[in-house]
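Structure first, commentary second.
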Amino acid sequence: MSDPGRTGHPDHGAEPAAGPAAPEGAASGAARPSGVGHRLRRARPGTWFLSACGLVILLCAAVPWLIAPGDPLAIAPRESFRAPGWGHPFGTDESGRDLFTRVVHGTRSSVLIGVLSTLLGVGLGAVLGLITGLGRRWVDAAGSRLIDAMLAFPTLLLALLLIAVRGPGVATVIVAVGLSSAPGYARLLRSEVRRVSRTGHVEAARMLGKGPLTIVWRHILPGALGPLLAVATLGVGQAIVWASALGYLGLGAPPPEPEWGAMLNAGRTYISNGWWMTVFPGLAIVGVGVVATLAGRRLSARWAGRGGAR
Amino acid sequence: MSSETAGAAGTAGTPGRPVAGASVVSARGLRVAFDGVQVVRGIDLSIAPGTCLALVGESGSGKSVTARALVGLTGGSVAADELTVAGADALSLSERAWRSVRGRRVGTVLQDALGSLDPLRPVGREVADAARLAGIPLDLPALLRSVGLDPAAAARRPDELSGGMRQRALIAAALAADPELVIADEPTTALDTTRQAVVLSLLRARVDAGGALLFITHDLAAARRVADEVAIMDAGRIVERGPVAEVLAAPASAEGRRLVASVPWERPRCERLLPDAGGSGSAAASRGGGGGDAGGAGTAGTRPGGAAGVVRATGGRGAGPGEAPGGDPTRATRVGVVVPSLEAAGGTPVLELDRVSIRHRGAEAPTVVGASLRLERGRTLGLVGESGSGKSTLLRAAAGLVPLEAGEVRLGGEAWSALPERRRRKRRRELAMIVQDPLGSFEPRWSVGTILTDALGRRDARAVEELLESVHLPAGVAGAHPRTLSGGQRQRVAIARALAVRPAVLLCDEPVSALDASVQARVLDLLDELQEERGLAILLVSHDLGVIRHASDELAVLDGGTIVESGATEAVLASPRHPFTRELIEAAPRLR
Amino acid sequence: MHDDARPAPGPTSRGVPGAVAVPGAAAPGAADTVTVGSGTAGAGTAGAGKVGSGTAGAGEGPGEVPASASPLAAAGRPGAGAPLPRGRRRAWWVSALWRLLGAVVAIWLVATLGFAVLQALPGDPAEAALGGPGSQASAAALQAAREQFGLDLPLPQQYLNYLGNLLRGDFGISYGQKRPVVEVIAPLLWPTLLLALCSLAVAWVLALLTAVIATGRSRVAARLASALELVASVLPGFWLAAVLVIVFSTQLRWFPAVSDNSARGLVLPTLALAIPLAGYLAQGMREGMLSALDAPFAAAARTRGETPRGLRWRHALRHGLVPGINLSGWAFGYLISGAVVVETVFARPGLGRALLTAVTARDVPLVLGVTLVSALGYVLVTLLADALVALVDRRAAA
């Protein structure tokens, strides 16, 4: 229903250029300069900082030896339990391994676990969300109930259940964290698909005589996937936290492996005499989490601004 | 130049009015700037008790900012030679002092009836807020009754009330602390015309009871109903002011003439509302100036004919000065033909709705019951009704977007609604639709060029250019994103997209109701022009009888899902049979 | 519609990044499409469409039903002015019944998923019941066990038996402890619930405080509050617990490193769980409050002479509560998950620790039992949260 009543008069528009408020004929300025250079110049300092942090994380994951040239597994019993200092900025663990090296080298497996489980969750969620979002009413009703039921399993409990069935290990952790995040993504995608399906531009596409496949591919998916992408970025941080929790419980990567969760698990025993073993790997998790969350928020805001939220 | 006009008009309007000392509000040289950009550029105002000043102007003219300056809520920097509000020197008021002015001395009614009440609080609390904050005892039931609300509404949440009731509640909220001045900022824009009439008379009653009212509107017709004096604003200045009747009868300023010319009621069917803009879209940029003069001349020309009354209008149409492009054969047949009812009209209709009933899934009552319409080539059928009457639903049913419960829609004499969607899809391009919110109907990631290319179904820069040209947009718009365009331009792009499929039928769902009066006039003119060029059949849905009257050959009045009356537009308007039609006519926005 | 029609913020998607951050944060069935966020709901047709779809999941989505007569409509014509694109408002008990039905269905599905997990177990369940592959049970003993647990019955029959057992509160027998799962869980339930409830309460207080400061007039304080809230929300609970132990137990010796049910013992684990949760809640509340402060009704309230403080407490706070409550259903699951690790850090007796032992021993019936109980808890808490939201925001009730 397009009621005149819903409209209101454009006089209260916040930006004069963006509303019907602007006088007709302002078209001359309409062609907004675009292009990468322009976008870079417009980027806020926050974006720069965020990109820099992302780059550091990426470097740590891809080429850790550039940043920490040592061997993360090399033991030096005489050097054990060194507090953070010049030689060992993050200290050493019970076998004298340098914690800084281990934290840097742990980036790859921790981030990989987070990314892989998010991908799995997004993939599963996308299938479920698309089926419920695009399907007929009864499909939607059934699918939505299923999503609700899956949401009822607390993340870690679902993971533990899976580990109880399949035994511990990195693969299980990835599957478990992915599975437990899937219903959230499914639900988001479902509501996004439904929202986009109802928008005027999808109706306009129907009026142009386009078929359902074209409409889904050209209009609904591009509109619905943006918000999903943003949330998935946030989700990577969450996945890393949950995966490290499982590692902390000793259910993830086996001990000598430089993985943040496993390192925290090792630090557990020496909590009273080696605080650095607990603090630094955790800080790494927090750092990655903050970067992922900020990036996700940026993406969210951007999609909202793009008319994704209309 | 224009400031001198303003000054002159100001002094001309003042005689007969109480002097500034007795005014509730008085401003001299009021200026408001945001980030160094002056939005209000030195205006004078004064309102005496028992009078209403209407501040009229289009979006961006600075009228709302002026209103907010009077309650200290602009958010920008306010300067003035003198600014007295309810006896206080507003220029020296602290924020705390302002709070005791707001609500207590100056009540404000805002435009957005849905948004202006907190959805999580009972309406009664919102209404009583001003009195509570001012520490004044309040008889809430009496207040609610005085604006025509059931006192039981106090316990309701805003979304449980209709739009008209919410607007009344807002008026009650503004009156709660019995302020000397009421500022009503576009209070009726969100309402149906019949509701508008009620709200306007409520406001007028306040004035007659001795209150002062500042009425902000873009709608001259609304100003006519409420105000004693009108001030026309353009680009931050008051360009004309005077008693309402005088200004509307003979606007002296270009902006005034343009506004008057833009009111479609009583303007003959084929006449361009703003002839100056008809030729080129870029001329739209020339606000006021010579263009406005041309418009004014057109108005002056029609006035005698219009004054002769509605009865003559059907026959008199051919005599209108707008008949200049009269060589068109479709035009010729149209002029002077009196069609007693839609059913009796001859020829094969392009689009035909046969006793259509629509019921939304899960709804108890059908939205539309037994509606029949026929639409012929080169003609416009207006569908008028209030929100919720089912007019948009009916239009969407004609588009094949809504399943029917009963009846049939035929397109070009062949089955349409009866077809399965798969087969209907192939014929979709015979129809095109324009909606109220063009921006929402564009894929958000696409530029204008992409949108048009997509609609054309082929990559053809030349065709895109031609489409833009046909709606009087410069070719450069193709690279722009719709978000960066103005409302009128967006609607032109929507029309261009509709033309891309070379439709036989154009379905228009409130195409101009979100636009400023003059922009609305230009879009209506464009539709008229395209219809002449291409012989389009247009189904025009609007809540505004003025738009319908100006733009359609036949009309159907929809009330509560039923077509209560239909026929040739002027014939129906000259002798309405149904009480609802009469009510609509009574409430229609007009200047006389 | 217009550009000035803000997208109606809802707790589900873009409106609240905090909520988005949490996959599946919104309450099931309820917050999905009903716009709860702010007063700008339906400021445009797009927004209106959103509101309209209501409870599609419950099989009742009214879609685009035009407004029917409001009970008070003086003029009698339906939906005068700007009607809400919503069907006849259902009686509260009808929608409550639908919610209840939805919850029952969800619980049934949860149980069914549990059954699927049992079926997916590698190896012979009868053997597992007798002590696992290493038990060297005789063929006769295995057969007896099969008959005892009904494992020789056809699958549908087993499924019905399983559901029947669950209804009677029989969650099977723990492999590890050789006792009914219920007996193992029951005494551990209270310590964990106590921890969860304390954490939820503390998280709410912290979140409200942060949200109120973050929406306040002091820009520095607001920035600080937002930053705190961001960092808090990504803190891993178990790591925070460990850090708290290092600081307050081993260094300052204010609180014990081993937790019991005493007030002193509860402080550290409660904080470890509550701080990250508060981060999430605060995000939701802050967004809700900010969108309320931006909404036209806030401007309208100011024209009535409302003070900034009044604006925040009388108007914005309610709008902040709604997303907060909506998140609380999810928070329950989060707390139970968190309890598992935090209880381990503090060597605290509870469901979490029992669960961890069971997982290490691969005691599937016990793990499944705990999981089912917490899923049931989640569904109930969500139902409660929905009811609470409906109290604050009547639009969500229908």
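A, B, ... follow the sequence lines: proteins, then strands. Residue 1 opens every chain. Everything quoted here is computed from the prediction, not taken from an experiment.
- Counting heavy-atom pairs closer than 4.5 Å to chain C, the top residue among Pro168(A), Gly237(A), Ser244(A) is Ser244(A).
- Atoms OG1 and CZ, on Thr132(A) and Arg145(A) in that order, are 11.5 Å from each other to the nearest 0.5 Å.
- Considering only heavy-atom pairs separated by less than 4.5 Å from chain A, the leading option among Thr112(C), Val105(C), Val245(C), Leu230(C) is Leu230(C).
- Most heavy-atom pairs under 4.5 Å with chain A, from the set Val379(C), Val247(C), Val341(C), Leu366(C): that is Val341(C).
- Between chain A and the residues Leu376(C), Val243(C), Leu372(C), Val340(C), the largest count of heavy-atom pairs under 4.5 Å involves Val340(C).
- Both the backbone and the side chain of Leu160(A) come within less than 4.5 Å of a heavy atom of chain C.
- One distance of note links OG1 of Thr172(A) with CG of Leu179(A); it measures 11.0 Å at 0.5 Å rounding.
- Rounding to the nearest 0.5 angstrom, the gap separating the CG atom in Leu234(A) from the OG1 atom in Thr118(A) is 10.5 Å.
- For Leu251(A), the part lying near chain C is the side chain, with the backbone staying farther off; criterion is any non-hydrogen pair under 4.5 Å.
- Options Gly125(A), Ala142(A), Ala152(A) differ in how many heavy-atom pairs under 4.5 Å they form with chain C, and the most are formed by Ala152(A).
- With hydrogens and angles disregarded, a donor-acceptor distance shorter than 3.5 Å links the side chain of Thr192(C) to the backbone of Leu351(C).
- Remark: side-chain polar atoms of Trp260(A) are not paired, donor with acceptor, to backbone N or O of Gly282(A) under 3.5 angstrom.
- Using a 4.5 Å cut-off between heavy atoms, Leu355(C) contacts chain A through its side chain alone, with no backbone atom that close.
- Under 3.5 Å, the side chains of Gln238(A) and Ser181(A) contain no donor-acceptor pair of N or O atoms.
- Applying the ring-ring contact (aromatic ring centres under 6.0 Å, His included) rule to Tyr334(C) yields the partners Trp242(A), Tyr280(C), Trp330(C); only residues at least two apart in sequence or on another chain are considered.
- Interface residue Val110(C): backbone and side-chain heavy atoms are both found under 4.5 Å from chain A.
- The shortest non-hydrogen separation linking Glu259(A) to Ser110(A) is OE2-OG, 3.5 Å.
- Neither the backbone nor the side chain of Val381(C) comes within less than 4.5 Å of any heavy atom in chain A.
- Contact of Thr233(A) with chain C is not made at all, since no heavy-atom distance falls under 4.5 Å.
- Each of Val241(A), Leu161(A), Val288(A) has some count of heavy-atom pairs under 4.5 Å with chain C, and the biggest count is that of Leu161(A).
- When heavy atoms are compared at a cutoff of 4.5 Å, Leu368(C) approaches chain A by way of both its backbone and its side chain.
- Interatomic distance, CZ of Phe238(C) versus CG of Leu246(A), reported as 9.0 Å (0.5 Å rounding).
- With sequence neighbours excluded, the residues forming a salt bridge (charged side-chain N to carboxylate O under 4.0 Å, His left out) with Glu229(C) are Arg297(A), Arg286(C), listed by chain and number.
- Of the atoms belonging to Val345(C), heavy atoms from both backbone and side chain fall under 4.5 Å from chain A.
- If you measure heavy-atom distances from Ile285(A) to chain C, the contacts under 4.5 Å come from the side chain alone.
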